[in-house]
Amino acid sequence: MISEALIINTNALKTALTTNLQASYKLFWFKSILICLNERANYYSFKKLICSMIGEAWKYVDKEEFQFPRADQLPVIVQVIRERYPEVSADNITKFVDKLEDKELLKRIDNLGAEVPYRFLTAFFEKELFGIPDKQKRQRIKELAQNSCSAVYGFWNGKYICVNMRWHRYLSYNRAPLMHCVDELIYKKLQQ
């Protein structure tokens, strides 16, 4: 039997997690996918994944040994939530966002969902995206992911990712070592 790693593009995954990381989004996004893999489904809402990202970033904000890149909005979102809503914690972030009516904060959270799911996949389509202006990349990534077996996921209904079944198997089977790896990458990124 051919190894799953030979069928899926693990080199693109490595590139997605280690190249062009001006902020920590891609790392926290991938970690959120791994966290959500406990479910039996392969569809995950942007909202659930973004809430998981915020909850995971929560653990690093305000710790002296960690510093988020300046362009990173995750710590800003965490700080705004902590200041405005002191009763909220990383553990209840999803319930909090479900009931949130703070338009400014919702806009910040929505902005993450508007870019991160698409930008994560750029490493899977480097050749196809070469020379395309940034404004057009999101739509092109969406199109490419829908017709690809090599990308980790495609998109459904504008609000969900649908993890490719081969990738789902690979990520589920290798969840623990991948989680360890992404935790190390986050640790290194935030200690720069």
Side-chain angles (χ1 to χ4, degrees), residues 2-34 36-37 42-50 52-53 56-57 68-77 107-172 174 177-179 181-192:
I2 298 174
S3 167
E4 200 76 32
L6 297 176
I7 297 170
I8 60 175
N9 192 348
T10 55
N11 285 332
L13 176 61
K14 180 180 178 184
T15 300
L17 295 172
T18 59
T19 307
N20 296 327
L21 297 178
Q22 286 81 27
S24 65
Y25 307 128
K26 290 179 184 179
L27 298 171
F28 283 106
W29 175 256
F30 183 65
K31 183 170 184 177
S32 294
I33 291 171
L34 292 174
C36 289
L37 280 175
N42 66 330
Y43 285 86
Y44 308 99
S45 73
F46 286 9
K47 186 177 188 178
K48 182 173 183 156
L49 293 167
I50 296 294
S52 177
M53 285 175 66
E56 289 300 308
F68 283 81
R70 288 185 188 177
D72 212 320
Q73 288 300 300
L74 274 172
V76 174
I77 291 170
K107 184 176 179 181
R108 287 178 186 262
I109 292 169
D110 288 344
N111 286 342
L112 287 177
E115 293 298 326
V116 177
Y118 304 95
R119 294 296 179 170
F120 181 81
L121 293 180
T122 57
F124 293 87
F125 305 113
E126 287 179 330
K127 291 177 187 171
E128 296 90 336
L129 294 171
F130 183 77
I132 294 177
D134 274 352
K135 290 181 180 181
Q136 298 171 7
K137 282 186 180 178
R138 179 179 166 190
Q139 183 59 37
R140 185 68 180 132
I141 290 167
K142 191 175 180 179
E143 293 165 2
L144 290 165
Q146 291 310 106
N147 301 314
S148 172
C149 292
S150 65
V152 175
Y153 53 83
F155 301 95
W156 183 70
N157 200 21
K159 297 178 183 178
Y160 297 86
I161 65 166
C162 177
V163 178
N164 173 303
M165 291 310 290
R166 288 182 177 153
W167 273 104
H168 197 280
R169 259 192 320 269
Y170 176 80
L171 296 175
S172 296
N174 295 289
L178 287 168
M179 189 72 81
C181 176
V182 79
D183 281 339
E184 284 185 354
L185 290 169
I186 290 169
Y187 187 83
K188 283 170 61 176
K189 179 69 180 169
L190 298 183
Q191 288 215 319
Q192 291 182 351

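With rounding to the nearest 0.5 Å, the separation of CD1 in I8 from CE in M165 is 12.5 Å. In this structure, NZ on K47 lies 9.0 Å from CG on D110, to the nearest 0.5 angstrom. The CE atom of M53 lies 6.0 Å from the OG atom of S32; values are rounded to the nearest 0.5 Å. Separating the CZ atom in F28 from the CD1 atom in I186 is a distance of 4.0 Å, to the nearest 0.5 Å. Atom SG in C36 sits 4.5 Å away from atom CG in L49 (nearest 0.5 Å). Rounded to the nearest 0.5 angstrom, L112 CG and I50 CD1 are separated by 5.0 Å.
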Indicate every side-chain donor-acceptor pair of residues 121-136 with a distance under 3.5 Å to a residue at least two apart or in another chain.
residue: T122; atom: OG1; partner: R119; partner atom: O; Å: 2.9

Using a 3.5 Å cut-off and no angle test, enumerate the donor-acceptor pairs between side-chain atoms of residues 142-157 and protein atoms at least two apart in sequence or in another chain.
residue: E143; atom: OE1; partner: R140; partner atom: NH1; Å: 3.4
residue: E143; atom: OE2; partner: Q139; partner atom: NE2; Å: 3.3
residue: Q146; atom: OE1; partner: F155; partner atom: N; Å: 2.5
residue: Q146; atom: NE2; partner: F155; partner atom: O; Å: 3.0
residue: N147; atom: ND2; partner: E143; partner atom: O; Å: 3.2
residue: S148; atom: OG; partner: S150; partner atom: N; Å: 3.0
residue: S148; atom: OG; partner: S150; partner atom: OG; Å: 3.0
residue: S148; atom: OG; partner: A151; partner atom: N; Å: 3.1
residue: Y153; atom: OH; partner: W29; partner atom: NE1; Å: 3.0
residue: Y153; atom: OH; partner: P117; partner atom: O; Å: 2.5

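Applying the salt bridge (charged side-chain N to carboxylate O under 4.0 Å, His left out) test to every pair with at least one member in residues 19-33, sequence neighbours left out, gives these pairs: K31-E56, K31-D183. Counting only residues at least two apart or on different chains, no salt bridge (charged side-chain N to carboxylate O under 4.0 Å, His left out) pair has a member in residues 146-165.
A side-chain donor-acceptor contact under 3.5 Å links S172 to the backbone of H168.
Among residues two or more places apart in sequence or in another chain, the side chain to side chain contact (heavy atoms under 4.5 Å, CB included) test is passed with T19 by T15. With sequence neighbours left out, N174 forms a side chain to side chain contact (heavy atoms under 4.5 Å, CB included) with Y170, P177, L178.
Taking all atoms of both residues into account, the shortest heavy-atom contact from P69 to A23 is CG-CA, 3.9 Å. Scanning all heavy atoms of the two residues, the minimum distance from L17 to L27 falls at O-CD2, 3.4 Å.
At least one side-chain heavy atom of F120 sits less than 4.5 Å from a side-chain heavy atom of L13. The closest side-chain heavy-atom distance from V163 to Y44 is below 4.5 Å.
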Can you list the steps and then say if K189 with L21 is a side chain to side chain contact (heavy atoms under 4.5 Å, CB included)? CA-CA 9 Å; K189 179 69 180 169; L21 297 178; 4.0 Å; yes

